[in-house]
Structure formats: structure tokens, C-alpha cells
Amino acid sequence: MMVPILNPRFTLIGLLNKYLSTAVVTILFTDDNSTLLQLREGGTLSFGACQEPALVTVNGVPTPFRRDGDLFVIDTIESIAPPNH
């Protein structure tokens, strides 16, 4: 797998269950302090970063993430699921 490095602080891997993992990204904006993504669909999103993010949100809601070295994983579907009543 080739992963293009667009920003030395953030490298998008994409959705882990997709062959073309970055093809679901419709918007990618990154600067020195943050990264904004818009996805066509949810799933398990992964990215690389040189430091742990202070906050990860999905649709404006703070979202937990897992870390494995410099790789971070977020379940975007679980993050947006409606609460059980």
C-alpha cells in the first residue's frame, strides 16, 4: 500500500475496510493545528500523526480513538449512531 504524505504532521490512511481507502474522502483540509475531513460514508478511519490529537470529533461530537504507535483509529459509524432508548 502506498500512502501519500501531504502533511508531515498528518497522514490519511482512510477507511480500513475499503480497497481504495482514501476514495471516500470528499474534503481534506489541513493546517498547522487541525485537519478536517468529509467522508462519503462511515467506517473505521485510520491516520498517522506525529503526536496524539488533543481532540477528535465526528459531526461535532468528541469521539474516542485508539492509538497504535503513530497510527490512530476511529470508528466513525459508532460515533454517529443514535443513542438507544
Under 3.5 Å: donor-acceptor pair, side chain of [X], backbone of [Y]:
{"X": "R66", "Y": "L71", "value": "no"}
{"X": "T63", "Y": "V61", "value": "yes"}
{"X": "S21", "Y": "L16", "value": "no"}
{"X": "T76", "Y": "T44", "value": "no"}

(request) Determine the minimum heavy-atom distance between L12 and F47, stating which atoms define it. (result)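 Answer, listing the atom of L12 first, then F47: CA-CB, 4.2 Å.
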
(request) Search all heavy atoms of V73 against all heavy atoms of S46 and return the closest pair with its distance. (result)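 Looking at all heavy atoms of both residues, the shortest contact is CG2-OG, 4.1 Å.
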
(request) Could you work out the complete set of other residues in the hydrophobic cluster of F29, with links drawn between I, L, V, M, F, W and Y side chains under 4.5 Å apart? (result)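 Via sub-4.5 Å side-chain contacts, F29 links to L36.
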
Distance in Å, [X] [atom1] paired with [Y] [atom2], rounded so as to fall on 0.5 Å steps:
{"X": "I27", "Y": "L37", "atom1": "CD1", "atom2": "CG", "answer": "9.5 Å"}
{"X": "F10", "Y": "T30", "atom1": "CZ", "atom2": "OG1", "answer": "6.5 Å"}
{"X": "T26", "Y": "Q38", "atom1": "OG1", "atom2": "CD", "answer": "3.5 Å"}

(message) With a sphere of 6.0 Å drawn around CG of D68, does it hold more than 12 non-hydrogen atoms of other residues, nucleotides or ligands?
(response)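 No, because the 6.0 Å sphere around CG of D68 holds 12 heavy atoms or fewer from other groups.
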
Report, one line per pair, each donor and acceptor closer than 3.5 Å where one atom sits in a side chain of residues 48-57; sequence neighbours left out.
residue: E52; atom: OE1; partner: R67; partner atom: NH1; Å: 3.4

(message) Consider side chain to side chain contact (heavy atoms under 4.5 Å, CB included). Of L15, V58, I77, which one does L45 pass it with?
(response) L15

(message) Is the ring pair F72/F65 parallel, tilted or perpendicular, if the boundaries are 30 and 60 degrees?
(response) perpendicular

